[in-house]
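Ligands are counted one by one from 1 in listed order, and the atoms in each one are counted from 1 as well.
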Amino acid sequence: MESPEVRRRTMQAVKSKDTCIEMHVRRLLHAQGYRYRLHRADLPGCPDLVFRSRRKVIFIHGCFWHGHQCARGKRVPKTNTDYWTAKISRNSARDAATRDRLKGLGWKASIVWECELAKHTGAVLRKLSRFLGPVESKSG
Ligand SMILES: [Zn+2]
């Protein structure tokens with residue numbers, strides 16, 4: 001059985017990893033000239049990157065935390081498996097509900113997964129450029 005302390009450490013480790021991949025994406029887009037706002041709490045799901053004039057948002061998801069269907073995402077801790085399985089499926093359900101709410105409000109969302117970024121940064125950048133459209137000289 002995993003102690004609350006161990007569980008807390010696991011969560012922190014996963015969260016700081018999420019922050020790290022988020023920084024990676026932010027740097028990539030910023031270098032291309034895209035301007036964005038961060039973590040707008042007035043939008044459903046508090047999206048990681050918000051492109052207001054384009055009405056588009058980007059979420060950067062850790063594969064474990066958000067239950068991605070990939071090798072990384074399917075790795076569930078061997079202790080407290082039920083706890084983690086339930087928690088992660090709640091997270092995925094909430095993500096889906098968030099995307100629906102954003103869509104209902106007229107916002108488009110794109111997701112960058114940790115594994116995509118680890119595999120091929122260039123492909124992620126191309127995907128996001130297609131999603132966002134051309135860089136404007138004015139900030140959004
Ligand atoms: Zn993944």
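- Looking at N91 and H66, their side chains never bring a donor and an acceptor atom within 3.5 Å of each other.
- Residue-environment remark: NZ (K108) stays at or below the threshold of 12 foreign heavy atoms within 6.0 Å.
- For the Zn ion (ligand 1), protein N/O/S neighbours under 2.8 Å (waters excluded) are C63 SG, H68 ND1, C70 SG, C115 SG.
- Between the side chains of E114 and H24, no donor N or O sits under 3.5 Å from an acceptor N or O.
- Side chain of R40 to main chain of R52: no donor-acceptor pair is present (N/O by atom type, distance under 3.5 Å, no hydrogens or angles).
- Side chain of R55 to backbone of W107: no donor-acceptor contact under 3.5 angstrom is found.
- Y36 and H30 have perpendicular rings, their planes meeting at more than 60° on a 0 to 90° scale where under 30° would count as parallel.
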